[in-house]
Visitor: 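Encoded as structure tokens, here's the structure I'll be asking about.
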Amino acid sequence: MCAGRTVEGAGCVTWWGFSPALDLLNVGPRRPQGKQNILLVGSGDPRHILKTIAGLKDTDTLHVWVVENSLEIVARQLLLLSLALSPQHSMGLHEKTEVFLEVFGNSEIRCQSEQILKRTASQLSSAVTDTLNSSPNPCLDTTMLKFKDRDELDRIFKQWIHPPPCQPMSKLWDSRVRHHLGTRYDSRLGCFDWDLNMKLHQMGCGVISKQQYVRWRETGVAFEMREGLYQTTNHSLLSTRIFNRRGDRLGIRGYWGDIVSSPYLSFGIETDNKALLQIQNGKHTKTAQDVSYHNVQELFQALACRSDVPSNQQGTQERQGQDPSANHRTSSRLPEASQRSPDNELLCLDGVNVTFLPVDALSKLPNKQRFSRLFNTIYCSASLVHQLGPSLRQVTAPDAVLVVELAKYLLELSKDQVKGFAEKVDDITREAGFESANAEKSDVYSTYTLQKE
């Protein structure tokens, strides 16, 4: 963390974010319209991408540029977005929602979900290696990655398909919990209850139920929506961490992500459906799993409505004010799915592009003319805010908004440390040439605009 302290319980790999999904076009003083470019720095998961797409108007176009600090996280982003873009004939809405949440937040999944994960990984492996100058689907563009990065992604995908020998996920998870709690391990249920009731619930996350939170802290399984065996390792949550042992660098494969805050934060603590947040007799009638399922399903329905496929081609023309004679131009924007097997087809979202940049791209963007004054919105996670600098102004549009995730939901930090982190963020952004734009100060995100010269 840029605050100068590594939060061990949060892990060193950001498999999911520590804040709710955000419509990044609805955070500034006014909602922009037309063509928008958004830069995501270290978001960790596609929650902001999905939420922003769902809020687009018919006339808006969106290009999202993604920078992560690890190719293992890039691989996970591609996997989750591919699942989200699976067409109806490949996977129904209910099944897609369940599989997405399982892969997103469970250390162990059902064998049926593992088969879908492997099939998707195989398709992604082909996509990143066979693509030279054009992407099979414009919504998932990896053409700007270096060739060595694509080779590394291919290696990661193949590890998911044919996993190397390693300990069961249950033992890897328990090892993290033991190391984190130390002498408190034998009283771990009390520790879990304290973190839930005295921290998460006090922060307004009362919808996270004790039963589900304790089960996740104990086993790593956050979403258990069907009667089935959740015993198959979710290999997309495994990564290699480098340790120094007696002067030698040793790579150990294991689970190095969050074991304290939970994946419920991304989709499960906020919703527009107030019925899901009702309280009776002092307790929530629904759980964070219910809220997550509802929110993710709504996002997927929004994606389906925006998908640019032949069946709704005429509707797209009407939105754009085209006449039937423009059919050829519209067809040229459709994905090449009709020329590929149906198994490889993904939804192509009208006017939406997601491009993945190299892990070291943030420092190099100001030196490239194509990115000059390009980004209308920039999002930066709490873990990468230290990478923001004055050169960022060169790639920021004049009326752009900078959104920075704060440390509210990092449970191992005290209130003073969380406050100090927010102050540190203000200092960093001020040095980078931004000023606060929060009409009402938020303790989850800080919003900034460019300082007027």
Side-chain angles (χ1 to χ4, degrees), residues 15-16 21 45-47 49-51 53-54 75-127 137 139-140 157 160-161 169 212 215-216 219-237 263-264 266-268 271 273 276 286-309 311-312 335 337 340-349 354:
W15 293 129
W16 45 75
D45 63 49
R47 68 194 187 283
I49 298 176
L50 298 176
K51 183 80 170 180
I53 293 174
R76 271 265 296 183
Q77 288 256 35
L78 288 166
L79 169 66
L80 292 170
L81 285 170
S82 294
L83 292 175
L85 294 173
S86 298
Q88 180 74 20
H89 65 76
S90 173
M91 194 162 31
L93 181 61
H94 295 292
E95 181 186 10
K96 179 162 67 171
T97 304
E98 292 173 348
V99 171
F100 179 92
L101 287 174
E102 281 185 38
V103 174
F104 173 71
N106 286 7
S107 63
E108 293 182 311
I109 57 181
R110 295 174 295 136
C111 60
Q112 299 95 321
S113 300
E114 183 198 30
Q115 293 303 314
I116 295 174
L117 189 157
K118 288 184 175 181
R119 183 174 71 239
T120 307
S122 178
Q123 296 166 5
L124 288 169
S125 175
S126 299
N137 189 295
C139 289
L140 299 178
F157 294 139
W160 297 351
I161 302 169
M169 176 62 99
Q212 291 176 354
R215 180 191 62 200
W216 175 75
T219 66
V221 177
F223 303 101
E224 192 171 351
M225 292 162 288
R226 288 197 181 192
E227 292 292 335
L229 297 177
Y230 290 79
Q231 298 178 345
T232 305
T233 296
N234 181 359
H235 288 278
S236 73
L237 287 177
Y264 298 124
S266 294
F267 300 105
T271 179
N273 186 346
L276 294 173
K286 299 296 183 180
T287 67
Q289 175 175 292
D290 299 323
V291 175
S292 297
Y293 183 91
H294 169 81
N295 286 341
V296 171
Q297 190 173 73
E298 276 203 335
L299 294 176
F300 289 169
Q301 288 174 332
L303 297 186
C305 291
R306 197 174 180 90
S307 61
D308 194 2
V309 294
S311 60
N312 69 357
R340 306 194 306 274
S341 64
D343 289 341
N344 292 330
E345 181 182 347
L346 294 177
L347 295 177
C348 182
L349 305 183
V354 180

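When a residue number appears, it is its place in the shown sequence, counting from 1.
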Visitor: Are the side chain of Arg215 and the backbone N or O of Val221 linked by a donor-acceptor pair below 3.5 Å?
Guide: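 Confirmed, Arg215 side chain pairs with Val221 backbone.
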Visitor: What distance do Leu117 atom CG and Gln112 atom CD have between them, rounded to the nearest 0.5 Å?
Guide: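 Rounded to the nearest 0.5 Å, the CG-CD separation comes out at 13.0 Å.
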Visitor: So, applying side-chain contact (heavy atoms from CB on, under 4.5 Å) with Ser236, which one of Leu79, Leu80, Thr120, Ile109 is it?
Guide: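 Only one option passes, and that is Leu79.
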Visitor: Go through the steps to decide whether Leu101 and Asn106 satisfy the test side-chain contact (heavy atoms from CB on, under 4.5 Å), and finish with yes or no.
Guide: CA-CA 8 Å; Leu101 287 174; Asn106 286 7; over 6 Å; no
Visitor: Distance only, no hydrogens: is a donor on one side chain within 3.5 Å (strictly under) of an acceptor on the other, for His235 and Glu114?
Guide: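 Their side chains do not contain a donor-acceptor pair, so the 3.5 Å distance test is not met.
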Visitor: Do Trp16 and Arg47 touch side chain to side chain, with heavy atoms closer than 4.5 Å?
Guide: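 They are not in contact (no side-chain heavy atoms under 4.5 Å apart), so the answer is no.
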Visitor: Do Tyr293 and Phe267 have ring centroids that are under 6.0 Å from one another?
Guide: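 No: the rings miss the under 6.0 Å criterion.
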Visitor: Side chains of His294 and Lys286, heavy atoms from C-beta outward: is any pair under 4.5 Å?
Guide: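 No, their side chains stay 4.5 Å or more apart.
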Visitor: Is there a side-chain contact between Ser107 and Asn234, using heavy atoms and a 4.5 Å cut-off?
Guide: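 Result no, sub-4.5 Å side-chain heavy-atom pair not found.
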Visitor: Is it true that a side-chain atom of Ser307 and a backbone atom of Ala304 form a donor plus acceptor pair closer than 3.5 Å?
Guide: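 It does hold such a pair.
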Visitor: Side chains of Leu93 and Gln297, heavy atoms from C-beta outward: is any pair under 4.5 Å?
Guide: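 Leu93 reaches Gln297 side chain to side chain.
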Visitor: If you measure from CZ on Arg226 to CZ on Arg110, what distance do you get to the nearest 0.5 Å?
Guide: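 Reported to 0.5 Å precision, the distance equals 5.0 Å.
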Visitor: Using side-chain contact (heavy atoms from CB on, under 4.5 Å), reason through Leu83 and Ile116 one step at a time and then give a plain yes or no.
Guide: CA-CA 9 Å; Leu83 292 175; Ile116 295 174; 3.8 Å; yes
Visitor: Could you please spell out the steps behind the side-chain contact (heavy atoms from CB on, under 4.5 Å) verdict for Met169 and Leu237?
Guide: CA-CA 9 Å; Met169 176 62 99; Leu237 287 177; 4.2 Å; yes
Visitor: Is there a donor-acceptor pair under 3.5 Å between the side chain of Lys96 and the backbone N or O of Ala84?
Guide: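 Side chain of Lys96 to backbone of Ala84, a donor-acceptor pair under 3.5 Å: yes, one is there.
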Visitor: Is there a side-chain contact between Leu140 and Ser82 (heavy atoms, below 4.5 Å)?
Guide: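 SC-SC contact between Leu140 and Ser82 confirmed.
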Visitor: Applying side-chain contact (heavy atoms from CB on, under 4.5 Å), run through Ser266 and Phe104 and close with a yes or a no.
Guide: CA-CA 10 Å; Ser266 294; Phe104 173 71; 3.5 Å; yes
Visitor: Checking side chain to side chain donor-acceptor pair (under 3.5 Å) against Asn295, which of Asn273, Asp290, Thr271 comes through?
Guide: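 Filter result, single survivor: Thr271.
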Visitor: Calculate, to the nearest 0.5 Å, the distance between atoms OH and OG belonging to Tyr230 and Ser113 respectively.
Guide: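 Rounded to the nearest 0.5 Å, the OH-OG separation comes to 7.0 Å.
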